[in-house]
Amino acid sequence: MHIITANGLHMPQLGFGTWRISGPECQAAVESAISLGYRHIDTGQMYGNEAEVGAGVAASGVPRTELHITTKVWNQNLAPDRLRAAMAASLEMLRTDYVDLYLIHWPSPDMDLPAALETMMALQQEGKARRIGVANFNVALLRRSIEEVGAPIAAVQFEYHALLRQPALLRYVRERGVPIIAYSPLAKGQLVNHPVLAEIARKHHATPSQIALAWLLEQEDVAPIPKSVRRERQQENLGALDVVLDNADRAAIETLPKDRRCVSPGFAPAWDPTG
Ligand code: NAP
């Protein structure tokens, strides 16, 4: 599998998402995904499953150094002391001394952004996070983080799939060579039976999910992180790595609406325009 190495990352391009998987099912899903070949696992403090992710990683028997683990601090814990406590708890639950990537999960309207980022930078200096980044930031917040605070944002995570494009955000990160972690890459399941993707899939003897993921994988430094609790679907999603799209496929995907956002809680920032 291709490894994204920009900004000092060593991040396998196709990752495994764990939102809404919990308890023993989470440990089993993580263990299964790693046994199939996933080496990039995405979790978060808010998911309440870091202990199970840690247990799954431990049970897999794969050395820690061969895995990329991302976790995220929740947006109520961005004050320096709370952020430090969150990091300590995450490391303990994940049974590791460091995470490969530590993200601010969501901005918060009342956060002190410079203080939060400076604490993230200190955690990186201390070796607790190999790299740091942010999720769900709009262009204005990214600009403040990168250009005003000078934070070494190694990657950004946001919703990105064949039904959602955020051109201004894409342009901003592209111009700075910042890799994108594409969350909800299957549009939370909306793409798995999509008729346009199904038509393309037939041509490639593939599945619609594989087409949705292949479309992201062929974009430079874009890392989709599909989630599935089911082993056969985890395997199917890995099969996207073997699919090569052509221009007709890309043109067909281009015709799909690009404003279908799936994740937008009340505390979300003002989103940049879609289209
Ligand atoms: P997703 O990966 O786009 O879609 C997951 C859904 O698709 C689940 O219902 C899953 O069901 C189903 N599915 C997966 N593979 C399938 C296949 N091959 N065929 C049929 N159905 C399939 O959505 P997501 O979980 O929202 O996003 C992925 C990951 O991104 C999350 O788990 C999380 O790690 C991350 N994320 C981050 C944020 C953030 O704020 N930073 C927000 C959202 C997500 P089964 O599990 O039943 O198979």
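Ligands are counted one by one from 1 in listed order, and the atoms in each one are counted from 1 as well.
- Within the 4.0 Å heavy-atom criterion, the part of Gln157 lying near ligand 1 is the side chain and not the backbone.
- Relative to atom 19 (N) of ligand 1, the option among Ala135, Cys262, Gly44, Ser209 with the closest non-hydrogen atom is Ser209.
- In the candidate list Phe158, Tyr47, Tyr183, Phe16, Tyr47 is nearest to atom 33 (C) of ligand 1, counting heavy atoms.
- Near Pro226, the atoms of ligand 1 lying under 4.0 angstrom from a non-hydrogen atom of the residue are 2 (O).
- Not one N or O of Val192 is nearer than 3.5 Å to an N or O of ligand 1, by distance alone.
- Between Tyr47 and Trp19, the two ring planes are parallel [angle under 30°; tilted spans 30° to 60°].
- Distances below 4.0 Å separate heavy atoms of Glu236 from the following atoms of ligand 1: 18 (N).
- The atoms of ligand 1 that sit less than 4.0 Å from any heavy atom of Asp42 are 33 (C), 34 (O), 35 (C).
- Residue-ligand proximity, Ala187 to ligand 1, at heavy-atom distances under 4.0 Å covers atoms 3 (O).
- With respect to Arg202 and Glu199, a salt bridge is recorded, a charged nitrogen being found less than 4.0 Å from a carboxylate O.
- Some N or O of Leu186 is nearer than 3.5 Å to an N or O of ligand 1, by distance alone.
- Counting heavy atoms closer than 4.0 Å to ligand 1, residue Ser184 contributes atoms from both its backbone and its side chain.
- The ligand atoms of ligand 1 that sit less than 4.0 angstrom from a heavy atom of Val229 are 45 (P), 46 (O), 47 (O), 48 (O).
- Tyr172 does not carry Arg174 over the face of its six-membered ring by the limits of under 6.0 Å from the centre and within 45° of the normal.
- For a threshold of 3.5 Å applied to N or O pairs, the pair formed by Arg230 and ligand 1 contains no separation below that value.
- For ligand 1, none of its N or O atoms has an N or O atom of Lys72 under 3.5 Å away.
- Nearest to atom 30 (O) of ligand 1 by heavy-atom distance, out of Ile104, Thr71, Ile225, Thr70, is Ile225.
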